[in-house]
Amino acid sequence: MDTLLTAEAAANSPRFRRRSSTFIDAIHDLPETQEMAPAQLYSTESGRLFHSGRIVIATVGLPARGKTHISVAVARYLRWLGVKTHVFHLGDYRRATVGPGKEIPDDYFHVNASPSSVLLRNKILKKCREDILQFLDQENGQVAIYDAVNPLSVGRKALAKEFAKHQVQTLFIESHCTDERIIEENVRSVKISSPDYVGWSDEEAVKHYLGRIAARIPHFETMEEKELAWIKMINAGARVIVNNCNFGYLSQRIVFYLLNLHIKSRQTYFARAGTTAEEESYKADASISDEGRDYAEKMTQTLLKHREQEREEVIARGGPDNALKPLTVWTSTRRRTVETGEYLEVLGYRVRQRSQLSQLNPGVCEKKSEEQIRAEYPEEVAKHQADPYHHRYPRAESYHDLAVRLEPIILELEREHNDLLIIAHESVLRVLYGYLMACNATDIPKLEFPRNEIIEIIPSSYSNVAKRIHIPGLPDHVIPGSPEDLKTPIPPSAPGTISPFPGIGTPQILAEGQPIPSPPLAGTPTPRSPSQPVSPSQPLQFRKTTVNPSS
Amino acid sequence: MVGLPARGKSLIAQKVVRYLHWLSIPAKTFNVGQYRRTETPTPSAEFFDTSNTEGERLRRAAAEAAINDMCKWFREGRGLIAIFDATNSVKSRRRWIQDRCQAEGIDTLFVESKCDDESIIMSNILEVKTTSPDYVGQDPEVAAQDFRDRIRNYEKVYQTLDEDEADLTYVKLIDVGKHVIINGIKDYLQSRVVYYLMNLHIKPRSIWLSRHGESRYNLEGKLGGDADISDRGEMYARALPGLVKQSVGDGRQLTVWTSTLKRTIQTARFLSFEKLEWKALDELDSGVCDGLTYAEVEERYPEDFVARDEDKYNYRYLGGESYRDVVIRLEPIIMELERSENILIVTHQAILRCIYAYFMNVPQERSPWMDIPLHTLIKLTPKAYSTLEEQFKADIPAVSTFREKGSSAKHQHSSGSSPSVTASNGSGAH
């Protein structure tokens with residue numbers, strides 16, 4: 001219940017009371033007890049995290065340059081890597097300080113602003129900076145993402161100097177656009193959906209918005225400072241300039257990640273492998289059974305039919321009659337996934353085997369029943385229940401280990417331009433889903449992927465959306481995934497628990513008096529009550545915690 | 001490659017090729033200098049003066065010959081990545097390369113190494129004047145002077161990659177990665193190479209490798225497991241700090257990396273440095289054979305036993321891993337090693353074989369058969385064109401986990417002076 005305590009502490013923090021559009025990252029918040037081996041956090045690819053110190057990532061760029069898209073993506077990636085990361089939107093602080101419905105003064109961003117505006121500006125900056133330092137100094141934060149315009153060189157230098165005093169390294173990420181079309185596209189897709197522009201034509205709204213930015217922020221200096229550490233992304237990554245970033249593990253990783261990030265939209269599908277004759281054995285690497293083959297065929301047909309249907313729907317809505325994006329298939333190197341993919345291969349789809357996609361290694365738990373595991377490893381069971389994400393049974397992998405192993409796959413996943421179907425064991429799907437949907441770490445081991453559903457992940461500006469596609473005609477007994485062995489249901493995200501904000505998105509511009517909307521539910525798996533009809537975009541449900549990590 | 005002489009181009013090319021080979025991506029360097037040397041083995045600086053038309057003609061011919069061979073190499077399907085190693089210091093030359101490659105359907109990535117730091121250039125010049133075949137048998141001082149003149153000739157016409165070449169895919173490394181410009185990266189492999197380049201540094205450092213002390217499973221001749229170290233293993237653990245001190249020489253601080261298995265953690269526990277545990281350093285997973293002896297493996301899985309001997313690198317234990325799988329999971333470790341300075345790794349035989357193979361450029365047919373003895377500390381010091389190796393033996397006896405190809409004999413006892421690491425003998429357990 002340590003997480004609940006964390007939740008409570010967090011709920012009483014000034015940030016929560018301010019109801020920022022972002023919230024403390026619950027993904028990798030760890031229980032603050034000593035139960036877990038301290039080394040565990042670092043026994044990973046993130047080995048250097050310990051040394052890489054604390055970092056503020058400050059964004060630089062005019063509005064509508066995709067700053068927030070980048071902050072969100074980087075935060076999602078870092079949190080998934082196990083780095084405690086939090087996004088601070090300066091805009092939230094502005095809104096909170098000037099009060100609801102009120103506008104900041106017109107000269108707020110001007111270089112020669114009036115004394116009262118300068119005062120206001122400093123007050124807002126100070127508050128945000130205090131929260132950042134609080135997060136880094138008191139809450140074990142490692143990376144704070146400071147989402148702001150940071151238009152002037154002098155301001156950026158002062159910022160870096162200020163944080164340096166607290167032994168915090170500042171890394172600037174500038175999103176710079178010389179291509180007008182990218183800016184207009186950004187404005188169209190993100191900014192003008194706000195209530196301010198109801199009833200405007202797209203073109204008018206874009207023009208008005210850009211005009212407003214130009215008047216608001218007339219002075220902007222692109223990054224050239226030799227002494228600062230920065231990454232400049234030009235035209236959504238067509239060109240990237242990196243300055244002074246060879247100081248640490250994380251900065252290099254972020255650069256690599258940004259190199260692979262693209263903004264084109266494509267779908268990702270997840271499907272389970274077919275059943276095998278020897279379900280419980282990890283080591284046996286069994287082939288799929290006749291039932292498994294039947295599943296593979298039905299899954300393939302359902303997916304292809306679904307894709308065709310979606311295309312027709314787009315056309316019916318007046319969309320362009322484009323051909324479907326090519327579909328690439330990834331499987332692990334384990335027989336059951338390879339053989340499940342064979343149907344697609346026969347149909348001419350490109351199927352690639354990736355050894356990193358192998359299921360979680362259950363170690364000593366292999367082929368053991370709940371009773372046996374409880375009897376033989378009572379201490380391990382207790383540790384596992386306390387922290388199912390990080391706990392590792394003897395000889396086994398933890399979900400965290402699995403996430404680290406899958407890390408190169410994540411970068412390729414970001415890079416991939418085709419639609420992608422991943423056929424893998426449930427444990428792997430959990431972790432990949434956890435990345436794409438920014439799930440809470442404690443929830444990842446409990447995500448359920450019944451065999452009769454294909455999961456489709458649809459990217460959208462701030463948080464991805466998951467959809468289930470039903471595979472009809474499968475016998476009931478193949479639907480639940482791995483053998484279930486522990487019957488101790490724990491209360492999943494009960495009322496009062498943290499609901500991590502999935503999208504960590506740009507705050508929406510709210511009309512006066514409008515209540516702050518609750519966040520979209522992308523990251524929090526909501527228990528699905530049996531009586532409710534299944535809505536297609538409903539997130540995954542929880543399962544019981546299981547003792548056996550591989551189940 | 002793009003850049004003036006003495007900017008570390010060949011060093012970069014050589015490291016990238018080694019890295020790609022290790023990842024089983026066939027790669028090859030085409031060094032224009034080597035082609036040129038067949039005509040003019042020891043040219044003087046005037047040869048490189050752009051106003052020297054004869055020199056210009058010969059250099060052009062060498063580039064032509066190199067690119068022809070390179071295109072042929074691709075057409076014959078012999079590799080995926082070729083490195084065209086020359087100064088390629090003017091725009092027209094780069095355009096010519098781009099056009100030639102495009103005509104063959106080959107993607108290009110230009111890698112420019114630009115450096116204005118005099119001390120780095122000087123140390124490169126020193127390296128070159130003692131190692132370059134252009135100056136064989138010459139007085140080093142004269143050679144250095146001539147080489148500086150040659151650089152000056154290039155400087156006259158040098159054009160750095162800039163914005164009007166924005167349609168090219170390129171990465172420009174300025175002052176060894178202090179400032180990097182990356183333009184038009186198209187695929188994942190390109191981004192991987194760029195990431196690798198960004199992690200390289202040229203600070204002097206060493207890497208120390210050790211297997212864990214002898215384990216109880218070693219004594220019983222069993223594979224895998226998570227056993228404690230034996231009494232002799234314990235002796236090695238106690239001797240290790242002294243051995244490290246002796247080999248480090250100065251008071252340098254190391255960072256110790258271990259696996260998550262007991263035998264490496266126990267072995268490293270007397271070292272007073274900061275320690276990190278990496279799951280990725282765990283021993284090769286022998287799947288169903290875990291906990292068996294070689295004799296038992298041969299008895300229960302005779303076909304597998306033979307298959308493994310035939311292609312040890314690619315053989316994947318039933319439910320376990322192959323060496324190829326291990327290399328994939330070690331890739332982030334290698335990246336991190338390139339980025340780090342002084343690291344001591346205490347891990348397992350198969351893992352050490354893979355790491356050692358990367359630094360020493362051991363081919364895949366041989367790397368799984370290398371004998372890496374217990375109770376020995378290996379020190380690797382990467383130099384510009386090679387890696388130096390030193391061994392420090394603890395003189396504590398241990399079993400040898402040596403297995404002849406085709407044999408299932410129980411591990412043999414041997415004295416502390418186990419055979420040294422030479423990739424030539426075709427044996428070794430796991």
Side-chain angles (χ1 to χ4, degrees), chain A residues 37 39-40 42-45 47-51 226 231-232 234 237-246 248-249 252-253 255-260 281-286 333-334 354-356 358 361 363-364 366 392 394-395 397-398 400-402 404-405 407-408 411-412 414-417, chain B residues 163 166 171-172 174 176-185 187-188 190-192 194-196 198-201 224-226 255 257-262 265 274-282 285 287-290 316-322 324-325 328-329 331-333 335-336 339-340:
Chain A
Q40 188 144 13
Y42 309 111
S43 64
T44 62
E45 210 242 326
R48 294 292 290 186
L49 294 190
F50 191 76
H51 311 278
K226 283 222 157 20
I231 302 166
K232 194 194 289 199
I234 302 168
R239 188 178 169 87
V240 181
I241 304 178
V242 183
N243 189 61
N244 259 340
C245 284
N246 46 1
Y249 168 82
Q252 302 279 48
R253 278 248 85 112
V255 173
F256 187 32
Y257 180 76
L258 291 177
L259 282 182
N260 283 293
S281 180
Y282 166 80
K283 286 178 183 167
D285 192 14
T333 47
R334 311 223 14 128
R354 321 301 311 270
S355 64
Q356 294 106 318
S358 288
N361 185 336
V364 296
E366 182 176 10
R392 179 194 296 141
R395 309 296 313 282
E397 281 177 305
S398 68
H400 191 208
D401 293 334
L402 182 58
V404 168
R405 162 151 71 77
E407 205 260 343
L411 289 160
E412 281 195 69
E414 286 295 350
R415 166 60 67 180
E416 183 68 54
H417 287 261
Chain B
E163 310 234 346
V171 53
K172 189 164 158 179
I174 300 165
V176 204
K178 201 167 154 26
H179 187 83
V180 184
I181 299 169
I182 304 148
N183 190 69
I185 292 295
D187 62 34
Y188 178 69
Q190 288 176 346
S191 78
R192 267 274 276 271
V194 169
Y195 179 53
Y196 179 75
M198 291 180 65
N199 276 297
L200 297 181
H201 69 80
D226 188 10
T255 303
W257 294 356
T258 68
S259 74
T260 64
L261 296 172
K262 279 190 265 178
I265 297 168
E274 187 167 10
K275 299 185 193 78
L276 300 175
E277 291 171 23
W278 296 69
K279 185 75 186 166
L281 288 174
D282 280 4
D285 182 354
V288 290
C289 299
D290 190 83
R316 180 182 288 136
Y317 274 111
L318 194 56
E321 287 179 302
S322 66
R324 184 179 292 279
D325 295 338
I328 291 171
R329 84 159 132 101
E331 198 270 342
I333 295 266
M335 204 64 98
E336 193 52 12
R339 208 184 63 70
S340 310

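Every chain is numbered from 1 and lettered A, B, ... according to where its sequence line falls, protein lines coming before strand lines.
Contact of A/Pro408 with chain B is made through backbone and side chain together, with heavy-atom distances under 4.5 Å. Contact of B/Ile328 with chain A is made through the side chain alone, with heavy-atom distances under 4.5 Å. Using a 4.5 Å cut-off between heavy atoms, A/Ile234 makes no contact with chain B at all.
Taking A/Val255, A/Val242, A/Ile231 one by one and counting their heavy-atom pairs under 4.5 Å with chain B, the maximum is reached by A/Val242. In terms of non-hydrogen atom pairs under 4.5 Å with chain A, the most contact-rich of B/Ile185, B/Ile174, B/Val171 is B/Ile185. The choice from B/Val194, B/Asp187, B/Thr258, B/Leu281 that makes the most heavy-atom pairs within less than 4.5 Å of chain A is B/Asp187. For the set A/Leu259, A/Val240, A/Leu411, the entry with the most heavy-atom pairs within less than 4.5 Å of chain B is A/Val240.
A/Arg253 CZ to B/Met335 CE: the interatomic distance, rounded to the nearest 0.5 Å, is 7.5 Å. The CZ atom of B/Arg324 sits 11.5 Å away from the OG1 atom of A/Thr333 when rounded to the nearest 0.5 Å. To the nearest 0.5 Å, atom CD of residue B/Glu331 and atom CD of residue A/Gln356 are 9.0 Å apart. Atoms CG and CG, from A/Asn361 and B/Asp285 in turn, are 5.5 Å apart once rounded to the nearest 0.5 Å. Here the CD atom belonging to A/Glu397 is positioned 9.0 Å from the CG atom belonging to B/Asp282, to the nearest 0.5 angstrom.
In terms of heavy atoms, B/Arg316 sits closest to A/Ser355 at NH2-CB, 4.4 Å. For A/Asp285 against B/Gly319, the heavy-atom pair with the smallest separation is CB-N, 4.3 Å. For B/Gly225 against A/Arg395, the heavy-atom pair with the smallest separation is CA-NH1, 3.3 Å. Closest approach of A/Gln252 to B/Tyr195, counting heavy atoms only: O-CE1, 3.4 Å.
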Give the C-alpha distance, both sets of side-chain angles, the deciding distance and a yes or no for side-chain hydrogen bond (donor to acceptor under 3.5 Å, both in side chains) between A/Asn244 and B/Lys178.
CA-CA 5 Å; A/Asn244 259 340; B/Lys178 201 167 154 26; 2.7 Å; yes
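For the pair A/Arg239/B/Glu163, a side-chain contact is recorded, criterion being any heavy-atom separation below 4.5 Å from C-beta on. Under the 4.5 Å side-chain criterion, counting only non-hydrogen atoms from C-beta, A/Glu407 is not in contact with B/Pro332. Using a 4.5 Å heavy-atom threshold, the side chains of A/Arg392 and B/Thr260 count as touching.
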